[in-house]
Amino acid sequence: MAGEFQAPRGTADLLPENEEAHRFVVGTFRKVTGRAGFRSIETPAFEDTALFQRGVGDSTDIVRKEMFTFEDKGGRSLTLRPEGTAPICRAWIEHGMNKLPQPVKLAYEGSFFRHERPQAGRYRQFHQVGIEVIGSGSPLADAEAICLLDAFLAELEVPDLELHLGSLGSPEARQEYLTELTSYLASRESELSEEVRDRVGSNPLRAFDSDDEGTSRVMEEAPLLLDRLDGEDREHFERVRELLDAAGVGYTVDPTLVRGLDYYGRTVFAFTCDRLGAQSEIGGGGRYDGLIARLGGPDTPAIGWAAGVERILLALDREAVAPELDLFLAWTEDSVAGRIPGLASELREKGISVGFDLAERNLKGQLKQADRAGARWTAILAADDSVELKEMETGDQRAADLTDLASIVAD
RNA sequence: GUGGACGUAGCUCAGCUGGUAGAGCUCCUGGUUGUGGUCCAGGCGGUCGCCGGUUCGAAUCCGGUCGUCCACCCCA
């Protein structure tokens, strides 16, 4: 509060304690996806605005009101990426990845930007990790993707998870269904709550989530998209369910699962955790078979997901990690200080983490620094080359030889 | 974009009905001319978010504004 400047609304500094927790999540992601044969990809932080307009969909909230859009000096409209899938599809097309063995399995991590009012688990700049499996329409790809998200969250030990699974069918089936649902809602309009009535036009599916009593009664008899799936879509969904059952991944079929991006079709899924507050979704995704073609590439099926790093951390409620150091070098006379940096480098080359005081403190101050740096050992060097090695936790101290430091500290 | 709560030292907070700021923790120094984590003493640190109004006088009342948090919408 003291300074003139503050991090912009909805952004946050990742202080060392948080930075480490953050790295832990991303590191786990890399481990889990790496051993599944995924390779990393990194795309720019901003793209042509039109990529998102077409890829994510003009009618979505993201495009309508949540994008950070600006013009560069050449008058091009650019947008800070609000999500990762459209950029990766763009890269896939641009670099002719259809010539690679299919499917192409990609993993990414990074910052994303959405201009929304911040609240618990929602920020204007946030971090996601995610994967895309591009080039296979098989339910095996769906199952693999979902199992991987499950494995990732399990490895992190995220508690109280629930997997919601649904299918949106083909775009045509979905459109037909929405028309049917809208007219059904219209036929019983008088029984619906006011809010729901207002929203029928924009998002009739939301009516399923209402806790209004009259609305709930109406929705119990409402037609379900899952019941309207045609043959192939239905088979696909059944097959995905079989594969998940066989893999021992538990889920709830959620006929009302909605995704905020236009490109989804067939399988959609989301992991939720109720200790997050209003933003309970930790990660989710789905199949987007039409997207690559829509962006000008060859007709290519694909599926992927993204998970929010901040939300995972919120669910984990991980304790801050204290700093740790193998050895702290202290000295008794200023004449010894000159030898310290070189000695530290030597020991560090042997793989030992070494620190020393950088503020010209007296011995007492140096010991205090050692303590705060989380040092397990402190070596006190005297002008006559004698060394006292102190074990910080117990306070035990003994004479040691300079050449033995590395081996003693290493165990 | 809408609604609610809040905004005093780096952090957590106190400061009743107005008389121009305080605690604990942290940090620095000393008690210990070569020894940390306990203890004791001292010190650094605040335009009381900002602007305006009421008043002899405002951290305290009023208005506005900015910001934070939470919720709605929607989503990671």
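The chains referred to below are lettered A, B, ... by the order of the sequence lines, with proteins before strands, and numbering in each begins at 1. Just so you know, these numbers come straight off a predicted model, no measurement behind them. Values reported hereafter were calculated over all heavy atoms of this structure, with side chains retained and with hydrogens, waters and symmetry mates removed.
- Across all strands shown, B:U32 has no partner, as no Watson-Crick or G-U wobble contact with both distances under 3.5 Å is found.
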Exercise answer: donor-acceptor pairs, residues 146-155 of chain A side-chain atoms, under 3.5 Å, sequence neighbours excluded:
{"residue": "A:E155", "atom": "OE1", "partner": "A:R35", "partner atom": "NH2", "Å": "2.8"}
{"residue": "A:E155", "atom": "OE2", "partner": "A:K31", "partner atom": "NZ", "Å": "3.1"}

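- Between A:F68 and A:F113, the ring-plane angle classifies as perpendicular under the 30° and 60° cut-offs.
- A straight line from CD of A:E132 to C1' of B:A76 spans 13 Å, rounded to a whole angstrom.
- Within the nucleic acid shown, A:Q366 has no heavy atom closer than 4.0 Å to any nucleic acid atom.
- With sequence neighbours excluded, the residues satisfying salt bridge (Lys or Arg N to Asp or Glu O under 4.0 Å) with A:R287 are A:D142, A:D289.
- Here the side chain of A:D61 is nearest to one of B:C69, B:C73, B:A76, namely B:C73.
- The side chain of A:Q119 places no N or O atom within less than 4.0 Å of a non-bridging phosphate oxygen (OP1 or OP2) of B:C69.
- Around atom CD of A:E157, no more than 12 heavy atoms belonging to other residues, nucleotides or ligands sit under 6.0 Å away.
- Among the heavy atoms of the strands lying under 4.0 Å from A:E281 are primed sugar atoms or P, OP1, OP2 only; no base atom is included.
- Residues from residues 8-23 of chain A with heavy atoms under 4.0 angstrom of RNA chain B, sorted by number: A:R9, A:G10.
- Taking a pair to require two hydrogen-bonding distances under 3.5 Å in either a Watson-Crick or a G-U wobble arrangement, B:G57 remains unpaired.
- Distances shorter than 4.0 Å separate some side-chain N or O of A:R361 from OP1 or OP2 on B:C28.
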Check: residues 344-352 of chain A side-chain donor-acceptor pairs under 3.5 Å, at least two apart:
{"residue": "A:S345", "atom": "OG", "partner": "A:P341", "partner atom": "O", "Å": "3.2"}
{"residue": "A:R348", "atom": "NE", "partner": "A:V354", "partner atom": "O", "Å": "3.1"}
{"residue": "A:R348", "atom": "NH2", "partner": "A:V354", "partner atom": "O", "Å": "2.7"}

field: Contact state string [nucleotides 32-37 of chain B, B base, S sugar-phosphate only, - no protein heavy atom under 4.0 Å]
entry: --BBBB
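- Judged by Watson-Crick or G-U wobble contacts below 3.5 Å, the nucleotide B:G24 has B:C11 as its partner.
- Counting non-hydrogen atoms under 4.0 angstrom, A:Y123 reaches a base of the nucleic acid.
- For B:C69, its base never sits under 3.5 Å from the side chain of A:R117 at any donor and acceptor pair.
- With sequence neighbours left out, A:S170 forms a side-chain hydrogen bond (donor to acceptor under 3.5 Å, both in side chains) with A:E172.
- Counting non-hydrogen atoms under 4.0 angstrom, A:I282 reaches the backbone sugars and phosphates but no base.
- Where A:Q128 and A:K65 meet RNA chain B, the nucleotide closest to each residue was compared, and A:K65 sits on the side nearer the 5' end.
- At a threshold of 4.0 angstrom between heavy atoms, the contacts of A:A370 with the nucleic acid are absent.
- In this structure, A:R228 places its CZ atom where more than 12 heavy-atom neighbours from other residues, nucleotides or ligands lie under 6.0 Å away.
- Cation-pi contact between A:R81 and A:F112: present, with separation from the ring centre below 6.0 Å and deviation from the ring axis of at most 45°.
- The base of B:C74 sits within donor-acceptor range of the side chain of A:R122, with an N or O pair under 3.5 Å.
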